[in-house]
Amino acid sequence: MKSICALLVSLLLSTSAMAVEDSMAQRVLACTGCHGPEGRAARDGYYPRIAGKPAGYLYNQLANFRDGRRHYLPMTRLIDPLSDAYLREIAQHFASLDLPYPPPRPAQVSAEVLARGEALALRGDPARQIPACAQCHGASFTGVTPHLPGLLGIPRDYIAGQLGAWKSGSRRAMAPDCMAQIAKALTADDVSAVSHWLAAQPLPASAKPAAALPAPLPMGCGGTGGEGAAR
């Protein structure tokens, strides 16, 4: 009996003496439980990729969840007690990851639908005051540092769901909320077309966010570090 007790005590002491890695990668395991290993995205498409996204964008989204502009209770509870400085550390960690993307899935829609999505993504619809996705998210749709996210490597359902959330008001951003304004101008067919087209696009050789846009943003957009063009 004594030998068994001694063995248990020895095991407890050795376990307690084991050092836990004190790194951001270890601390954000709570994030990767949903967002996939290293933030590569979950297989179900519901939890998006966060690896390699611009740090300013990731920080803004964390702050939006904490401050009530976005609504998902597990996220809010996870980050509610965290300071701005710590949210920035988390954002910088995931932004620094340079990981390959999986190949896109072929679109299961007609060529006409894809052509409509391509037109909105590349040229927008000036008659309805809808700017092209490329005007804000970069010509290659890989985002722009430090605040504008890429649109490639994201499941169609997630893209459509987020446009729908902006359209309904369940997702918001800092004012002026340019994405809410754009989403509300899109029809259901527009949302379907642009989400199908974006989700089917291959990633360029370098999927890193661009350093800058070639021209000012087409409209004021809160949280981007610039006011954009006058509206």
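By convention here, the first residue in the shown sequence is residue 1. Atom set for the values below is all heavy atoms of this structure, side chains included, hydrogens, waters and symmetry mates excluded.
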Could you tabulate the donor-acceptor pairs under 3.5 Å formed by side-chain atoms of residues 148-164, not counting sequence neighbours?
| unit_1 | atom_1 | unit_2 | atom_2 | d |
| --- | --- | --- | --- | --- |
| Arg156 | NE | His196 | NE2 | 3.3 |
| Gln162 | OE1 | Arg70 | NH2 | 3.2 |
| Gln162 | OE1 | Arg171 | NH1 | 2.8 |

Original post:
Hey, does the side chain of Arg128 reach the backbone of Ile130 with a donor-acceptor pair shorter than 3.5 angstrom?
Top reply: no
Original post:
Residues sharing Tyr47's hydrophobic cluster, by side-chain heavy-atom contacts under 4.5 Å among ILVMFWY, directly or via others?
Top reply: Met24, Val28, Tyr46, Ile50, Tyr57, Leu58, Tyr59, Leu62, Phe65, Tyr72, Met75, Leu78, Ile79, Leu82, Tyr86, Leu87, Ile90, Phe94, Leu97, Leu99
**OP:** Kindly give the heavy-atom pair with the smallest separation between Met219 and Pro131, and that separation in Å.
**Re:** SD-CG, 4.0 Å
Original post:
How long is the span from the OG atom in Ser140 to the CG atom in Leu203, to the nearest 0.5 Å?
Top reply: 9.5 Å
Subject >> Partners passing ring pair (Phe, Tyr, Trp, His ring centres under 6.0 Å) against Tyr101 (at least two apart in sequence or in another chain) >> reply: none
Original post:
Between Arg49 and Lys53, what is the shortest heavy-atom contact and its length?
Top reply: O-NZ, 3.0 Å
Subject >> Exercise: identify the closest heavy-atom pair between Thr145 and Pro209 >> reply: CG2-CB, 3.7 Å
**OP:** Please name all residues satisfying salt bridge (Lys or Arg N to Asp or Glu O under 4.0 Å) with Asp98, sequence neighbours left out, ordered by chain then number.
**Re:** Lys208
Subject >> Side-chain (Lys167) to main-chain (Ala183) donor-acceptor, under 3.5 angstrom >> reply: yes
Subject >> Shortest non-hydrogen separation from Leu198 to Ala121 and the atoms involved >> reply: CD2-CB, 4.4 Å
Original post:
What distance do Asp84 atom CG and Asp67 atom CG have between them, rounded to the nearest 0.5 Å?
Top reply: 7.5 Å
Original post:
Side-chain contact, heavy-atom cut-off 4.5 Å: Pro176 with Gln181?
Top reply: no
Original post:
Quick check: are there more than 12 heavy atoms from other residues, nucleotides or ligands sitting under 6.0 Å from CZ of Arg27?
Top reply: yes
Subject >> Check: Arg105 side chain, Ala200 main-chain N or O, donor-acceptor pair, under 3.5 Å >> reply: no
**OP:** Would you give the length of the straight line joining atom CG of Leu122 to atom CD of Gln135, rounded to the nearest 0.5 angstrom?
**Re:** 10.5 Å
Subject >> Non-hydrogen side-chain atoms of Thr142 and Pro204 separated by less than 4.5 Å >> reply: yes
Original post:
Donor-acceptor pair, His35 side chain versus Pro48 backbone, under 3.5 Å?
Top reply: yes
Subject >> side chain to side chain contact (heavy atoms under 4.5 Å, CB included) partners of Arg172, counting only residues at least two apart >> reply: Arg69, His71, Asp177
**OP:** Please round to the nearest 0.5 Å and tell me the distance separating atom OG of Ser168 and atom NZ of Lys184.
**Re:** 8.5 Å
Subject >> Cys221 and Cys136, any side-chain heavy atoms less than 4.5 Å apart >> reply: no
Subject >> Closest non-hydrogen atom pair, Pro54 against Pro146 >> reply: CB-O, 3.2 Å
Subject >> Side-chain touch Thr32/Pro37, heavy atoms, less than 4.5 angstrom >> reply: no
**OP:** Look up atom OG in Ser192 and atom CG in Leu186, then write down how far apart they are to the nearest 0.5 Å.
**Re:** 11.5 Å
Scan the side chains in residues 109-118 for donor-acceptor partners under 3.5 Å anywhere in the protein, sequence neighbours excluded, and list what turns up.
| unit_1 | atom_1 | unit_2 | atom_2 | d |
| --- | --- | --- | --- | --- |
| Ser110 | OG | Val113 | N | 3.2 |
| Arg116 | NE | Asp190 | OD1 | 3.0 |
| Arg116 | NH2 | Asp190 | OD1 | 2.8 |

Subject >> CD1 on Ile182 to CG on Asp125, rounded to 0.5 Å >> reply: 12.0 Å
